[in-house]
Amino acid sequence: MNYAPIALFVYNRPQHTQETVQALLKNPECAQSDLYIFSDAAKNVDAQDAVSQVREYVRQVSGFQTITIIEREENLGLANSIIDGVTQLCHQYGKVIVLEDDLETSPYFLKYMNDGLSVYEFQNQVSSVSGYMYPIDLAEKDKTFLSKMPQSWGWATWSRAWGDFNVDGSALLTKLSQSKSLGSFNKNGPHNYVKMLQNQIKGKNNSWYIRWYASLFLKQKLTLMPCTSLIRNIGIDGSGTHCAEWRYNPFYGVASKEPVTVSLEHVVVDQEIEKKLATYYKKVKLLRYINFVSRLINGWRKYV
């Protein structure tokens, strides 16, 4: 097996970073994998101490075939850091596995990711491999399926697919509008993706992910998904750049302790799974409203 390099993006969360690395080290494939740690510089003085703590910790990490630490001298922000790091490793290796500093991985995560990258390497309609799956019950938990929706919590891609990435949000929105596909663009997940893209264009967010999703959607590309998640996000606590704290967390799940088998699927979307996902997306939107109301009530109580 020609193992893909692992890109780990860290910033100012030392405890999250440590938990992410410790979980990853339970994957036997670490010993044969090259790890690249991209450490962003502090955005301001308030973040400096935590950034220093993270850098002090990652300098002590071992257990991988090689470890390369890239300490940014200026703050790039998460989006630019990921775009730059993924581009670099895709150019160097032709593929990459991507993690952020708040993702607890299953001991079978790296095997699944590398198997997915190997099996679908020449299937051009498949552009990414996801390690995360929403917490819904699918019958064959040790299997995989193909989805229209890429994920950002523990994922992988190839240089052939990353070449489709368009960083110009305005151009992407124009193409979506001209193709009259804004409605279907919004249906593939639990968020308002059109609004997310509009906000990225306005500078209200700096999401690389919404541009990645739009780029793949316009080219009708698919993502390989596990039927059971190999990732647990430990950062939905208000500490991250784009993950606000949820009182009722619809994304919570556990990282599977069982392996997921990767086999070559017909490059089509499973309609039965799509129906289950659609039901879950409605649930998430309801919980988002409940969380919003809960925050309003709690904020109001502080002043009475």
Side-chain angles (χ1 to χ4, degrees), residues 23 98-100 102-113 115-116 119-120 126-156 183-194 196 209-210 212-213 216-217 221-237 240 242-292 294:
V98 185
L99 288 168
E100 295 177 36
D102 58 358
L103 301 175
E104 178 187 287
T105 52
S106 160
Y108 297 99
F109 170 76
L110 286 181
K111 183 180 187 315
Y112 161 79
M113 299 301 284
D115 286 349
V119 170
Y120 285 88
V126 179
S127 285
S128 68
V129 179
S130 173
Y132 174 76
M133 172 57 185
Y134 300 116
I136 64 176
D137 186 26
L138 298 178
E140 297 183 282
K141 295 184 178 181
D142 62 334
K143 299 294 192 300
T144 60
F145 67 98
L146 294 168
S147 171
K148 298 176 183 177
M149 193 78 204
Q151 299 293 328
S152 62
W153 295 347
W155 60 285
S184 55
F185 179 65
N186 252 2
K187 287 181 179 179
N188 291 327
H191 305 292
N192 186 334
Y193 298 101
V194 172
M196 192 184 300
Y209 169 76
I210 189 59
W212 174 235
Y213 168 39
L216 298 189
F217 177 87
K221 302 294 186 176
L222 301 175
T223 291
L224 181 71
M225 300 279 293
C227 285
T228 183
S229 187
L230 295 159
I231 289 285
R232 182 172 79 95
N233 191 309
I234 57 175
I236 307 180
D237 53 7
H242 294 120
C243 283
E245 184 176 5
W246 287 61
R247 183 173 181 180
Y248 306 100
N249 183 2
F251 306 110
Y252 180 81
V254 296
S256 176
K257 303 303 181 186
E258 300 295 330
V260 173
T261 302
V262 177
S263 59
L264 192 61
E265 307 281 350
H266 295 295
V267 188
V268 294
V269 172
D270 188 314
Q271 296 302 322
E272 289 303 314
I273 291 179
E274 288 296 305
K275 289 178 183 178
K276 291 184 178 182
L277 286 170
T279 300
Y280 169 77
Y281 299 153
K282 291 178 182 178
K283 176 183 176 182
V284 173
K285 290 173 181 177
L286 175 60
L287 286 175
R288 176 179 288 108
Y289 175 75
I290 293 173
N291 276 282
F292 174 74
S294 176

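Index from 1, following the sequence. Here the structure is a predicted model, which is why all the values come from computation and not from measurement.
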(message) What verdict does the side chain to side chain contact (heavy atoms under 4.5 Å, CB included) test give for Thr228 and Leu138, after you've listed the backbone C-alpha separation in whole Å, the side-chain angles of each residue and the deciding distance to 0.1 Å?
(response) CA-CA 8 Å; Thr228 183; Leu138 298 178; over 6 Å; no
(request) Just do the side chain to side chain contact (heavy atoms under 4.5 Å, CB included) check on Phe251 and Val284 with the steps written out, would you? (result) CA-CA 8 Å; Phe251 306 110; Val284 173; 3.8 Å; yes
(message) Is there a side chain to side chain contact (heavy atoms under 4.5 Å, CB included) between Leu103 and Arg232? Walk through the geometry before answering.
(response) CA-CA 6 Å; Leu103 301 175; Arg232 182 172 79 95; over 6 Å; no
(message) Does Met149 form a side chain to side chain contact (heavy atoms under 4.5 Å, CB included) with Tyr193? I'd like the steps, not just the answer.
(response) CA-CA 11 Å; Met149 193 78 204; Tyr193 298 101; 3.3 Å; yes
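Judged by distance alone, the side chains of Gln151 and Tyr209 never bring a donor and an acceptor atom under 3.5 Å apart. A donor-acceptor contact closer than 3.5 angstrom is absent between the side chains of Ser130 and Thr223.
A 4.5 Å side-chain heavy-atom check between Leu222 and Lys148 finds at least one atom pair inside the cut-off. Here the side chains of Pro150 and Phe217 are not in contact, with every heavy-atom distance at 4.5 Å or above.
Considering CD1 of Ile234 and CD1 of Ile236, their distance stands at 10.5 Å, rounded to 0.5 Å. With values rounded to the nearest 0.5 angstrom, Ser152 atom OG is found 11.5 Å from Leu99 atom CG. If you take CG on Asn186 and CE on Met196, they are separated by 9.0 Å, rounding to the nearest 0.5 Å. Between Leu224 atom CG and Ser127 atom OG the span is 12.0 Å, to the nearest 0.5 Å. Separation of atoms NZ (Lys276) and CG (Asp137) is listed at 6.5 Å; rounding is to 0.5 Å. Atom CG of Asn192 is separated from atom CD1 of Ile210 by 9.0 Å, given to the nearest 0.5 angstrom.
Of the possible donor and acceptor atoms, none in the side chain of Asp142 sits under 3.5 Å from a partner among the backbone N and O of Thr261. Under a 3.5 Å cut-off, the side chain of Tyr281 and the backbone N or O of Asn188 do form a donor-acceptor pair. At distances below 3.5 Å, at least one donor-acceptor pair connects side-chain atoms of Ser229 with backbone N or O atoms of Met133. Between the side chain of Tyr112 and the backbone N or O of Ser106, no donor-acceptor pair lies under 3.5 Å. In this structure, the side chain of Asp102 does not engage the main chain of Asn233 through any donor-acceptor pair within 3.5 Å.
The heavy-atom pair separating Phe185 from Tyr213 by the smallest distance is O-OH, 2.6 Å. Heavy-atom minimum distance, Leu230 versus Ser256: CD2-CB, 4.0 Å. Here the closest heavy-atom approach between residue Met113 and residue Gly154 is recorded as CE-O, 4.0 Å. The two atoms that bring Met225 and Ser147 nearest to each other are CG-CB, 3.7 Å, heavy atoms only. Nearest heavy atom pair, residue Tyr120 against residue Val262, reads CE1-CG1, 4.1 Å. Minimum heavy-atom separation, Val260 to Lys143: CG1-O, 3.4 Å.
Within 6.0 Å of NZ on Lys283 lie no more than 12 heavy atoms contributed by other residues, nucleotides or ligands.
Aromatic ring pairs are classed by plane angle as parallel below 30°, tilted from 30° to 60° and perpendicular above 60°; the pair Tyr132 and Trp153 is perpendicular.
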